[in-house]
Participant: 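Here's a structure for you.
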Amino acid sequence: MSDYQPRLDDIRFTLNHVAGLEDVSKLNGYQHADPATVATILEEAGRFFAEVIAPLNRIGDLQGSVLTDDGNVRTPDGFKDAYAKYVESGWASAHMPQDWGGGGLPYMVGVVIQELFKTANMAFALAPTLTHGAVEALQRHGSDRLKDDYIEKLVSGEWTGTMNLTEPEAGSDVGALRTKAIKQDDGSYRLFGTKIFITWGDQDLTENILHLVLARTPDAPPGTKGISMFLVPKFILDETGAPGERNDLKVVSLEHKLGIHASPTCVISFGDNGEGAVGFLVGDEQHGMRNMFTMMNAARVGVGMEGVAIGERAYQHAVQYARDRVQGRQIGADARESVSIIEHPDVRRMLLTMRAYVEAMRSLLYVTAGEGDHMMHAESEERRRLASERLALLTPIVKAWCTDIGVELASIGVQVHGGMGYIEETGAAQYLRDSRIAPIYEGTNGIQAVDLVLRKLPLENGAVVTALISEMSATVDSMGEHEELATFRDELAHAIEGLAETSTWLGARLAEGDIASALAGASPYLRQFGTVLGGWLMANAAVEALRAPAGFDPEFLEQKVNTAAFYGEQILPIANGLIAAVRGGSGRLESATF
Ligand SMILES: Cc1cc2nc3c(=O)[nH]c(=O)nc-3n(C[C@H](O)[C@H](O)[C@H](O)COP(=O)(O)OP(=O)(O)OC[C@H]3O[C@@H](n4cnc5c(N)ncnc54)[C@H](O)[C@@H]3O)c2cc1C
């Protein structure tokens, strides 16, 4: 039996009673995804990822992907076979567009399938994460020819996609990139340059790999305005559409990393032979940055999911260990009898903290995905617009809050194991090592905080944030009838007031042009926002659980209320503790000498 057991009851409850799957399934094109059908699909998915993918997590960590002498990447034992099963069984394409051979499930359900994959094996799951982004970018911005040639194979999972932005001198500042793209008479381009840190930049799982590469045409203006996006296949297609001649690109080396060892992180050189790598323009010239954002926004939600996934896996591991490990005696009990550490209040606090955060983050993840579904499929233009704004606001919070918390939960997981947590054999340390990348890539969490304050808070003159805060306040009212939630209700009301206060304060700094003060408070503001959103959604979950919906075990519902109340009473109060840091201004930071 796998050591990973998907918590399908919590997933099903969150989908149906927090994130509104039923409403999503009524949207045009999603009628086949009613909650009962989705539950059956997820049972199957859970079995697949637990049995086929999860057992490879440790092997992946120990062996890692390696670069062979012939310049190709070899993945760890068992990955190739498991990936083939993933494609054959249809999990790769379940939520991909039906027009291109996918199953057409809602994005919200696709997010759950990816979450299951990531919880089973984060490093492995990164390959399809970027493939999904590539499908979206091609669908929205690719020419008909590119769509016809490439999308179906990406959707099925037969080929994978990658995202190539980063260069040695262009990390957070993507606009500094130097890779060149030179137009040819036949309309194609030849690319020259070096990209670093390319996730799954090469592998032996699929026949072809499609790199989406940001580069600059010779006469392009400097900065992000001059960037264009190109599709650069590893193997150029022959006249039958099959992978033919090898393109002029090669993996120069693989990075040696703290974690996600199974995920090959490649330095790729384009145009080393002097011919240039053949590439095809995606969208218009100099629109590359905007088009890459299609990929990046989806990928940011996908990375936020890694916080949920690693937190869940670390939690399950820690609970198992805490049950088995006998150490110490219970205060007040027969002094001769040792107990499992799960009996100690401090260990119970660690475990419940992990569970509460995971469930809060899961709620935020699914709610955000639901906005993506409404943005694409809602009937009224107004609803689509509102969903698009809400999604824009929530994306940096999902990315940064969930991944910061994911690292903290993986660290608590190590702590539950005591000294054995620091020893690699138990596996707890792998989760901590794997989790640490998520706050860094896909735009560091610092960059997400800047995005939240400079671009998302001012959306519609602050109305997008204000509308969300009003919606949260309505939850406070709905908690009124439940005595058990009285403390939680007071804490939530207080935390929402705190969030309104810092939002107004930051808005005022932006209005008066004191950007330095606004940015100095950006990261604590994002943390505060995430913590309050978690409280709001856990409050909704508690109210729903107290209504005792059919189809859930009473014990599960009781635990849901207890976990939510723990979040509300003991985690949520942290949010207002951040107000001083948000409003602290930039003075202390500027005065510091380093
Ligand atoms: C394992 C791994 C996989 C990756 N996968 C990919 C991939 O598939 N494709 C790809 O293109 N890239 C990938 N990356 C690159 C990744 O996205 C970058 O590392 C990341 O964007 C940060 O860039 P940087 O490393 O240059 O750090 P820097 O930009 O040098 O940042 C260093 C620090 O300064 C802060 N900082 C920088 N600028 C600002 C600013 N304006 N405001 C506030 N703070 C700032 C950052 O938050 C960070 O804390 C990967 C990286 C790793 C390690």
Side-chain angles (χ1 to χ4, degrees), residues 60-61 64-65 73 122-134 137 160-179 193-203 209-215 223-224 227 229-230 232 251 253-268 270 288-289 291-293 295-300 302-303 306 310 396 399-400 403-404 407 433-455 515-526 586 589 594:
D61 185 51
S65 283
V73 167
M122 175 175 154
F124 198 172
L126 292 174
T129 295
L130 295 166
T131 306
H132 297 149
T160 57
T162 74
M163 194 163 126
N164 289 241
L165 289 80
T166 307
E167 298 179 8
E169 303 307 322
S172 299
D173 182 10
V174 181
L177 66 82
R178 291 207 284 237
T179 295
T194 300
K195 295 287 179 181
I196 61 167
F197 293 156
I198 304 309
T199 296
W200 285 93
D202 192 48
Q203 36 80 2
I209 302 169
L210 310 180
H211 302 287
L212 286 180
V213 183
L214 290 188
T224 48
I227 293 175
M229 188 204 264
F230 300 89
V232 184
V251 177
S253 60
L254 293 193
E255 304 294 355
H256 298 280
K257 308 191 295 291
L258 180 66
I260 55 165
H261 292 155
S263 168
T265 304
C266 306
V267 177
I268 303 183
F270 295 87
M289 202 57 215
N291 297 350
M292 187 59 96
F293 260 104
M295 229 177 144
M296 277 175 10
N297 280 330
R300 283 176 177 178
V303 171
E306 286 160 22
I310 213 82
K399 197 282 172 178
T403 56
D404 278 343
V407 175
R433 289 186 287 100
D434 284 355
S435 72
R436 194 59 192 84
I437 184 58
I440 296 172
Y441 56 20
E442 226 24 85
T444 63
N445 285 0
I447 296 292
Q448 303 302 320
V450 171
D451 179 48
L452 176 65
V453 169
L454 291 191
R455 281 182 284 279
I515 306 298
S517 288
L519 290 185
S523 280
Y525 177 64
L526 189 147
S586 59
L589 308 181
F594 298 107

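Note that ligands are numbered from 1 as they come in the structure, with each ligand's atoms numbered from 1 the same way. Numbers here are sequence positions counted from 1. All heavy atoms count here, side chains included; hydrogens, waters and symmetry mates do not.
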Participant: Do Q203 and S65 pair up side chain to side chain, a donor and an acceptor below 3.5 Å, judged on atom types alone?
Facilitator: no

Participant: Between the main-chain N or O of P396 and the side-chain N or O of R300, is there a donor-acceptor pair closer than 3.5 Å?
Facilitator: no

Participant: In Å and rounded to the nearest 0.5 Å, what is the OG1 to CH2 distance from T129 to W200?
Facilitator: 11.0 Å

Participant: Can you tell me if K257 uses its side chain to pair, donor with acceptor, with the backbone of P264 under 3.5 Å?
Facilitator: no

Participant: Compare all side-chain heavy atoms of Y441 with those of E306 and state whether any distance is below 4.5 angstrom.
Facilitator: yes

Participant: Give the intermediate values and the outcome of side-chain contact (heavy atoms from CB on, under 4.5 Å) for residues L130 and L212.
Facilitator: CA-CA 10 Å; L130 295 166; L212 286 180; over 6 Å; no

Participant: Using heavy atoms and a cut-off under 4.0 Å, could you grab the residues that are in contact with ligand 1, chain by chain, numbers ascending?
Facilitator: M163, N164, L165, T166, G171, S172, F197, I198, T199, K257, T265, I437, I440, Y441, E442, T444, I447

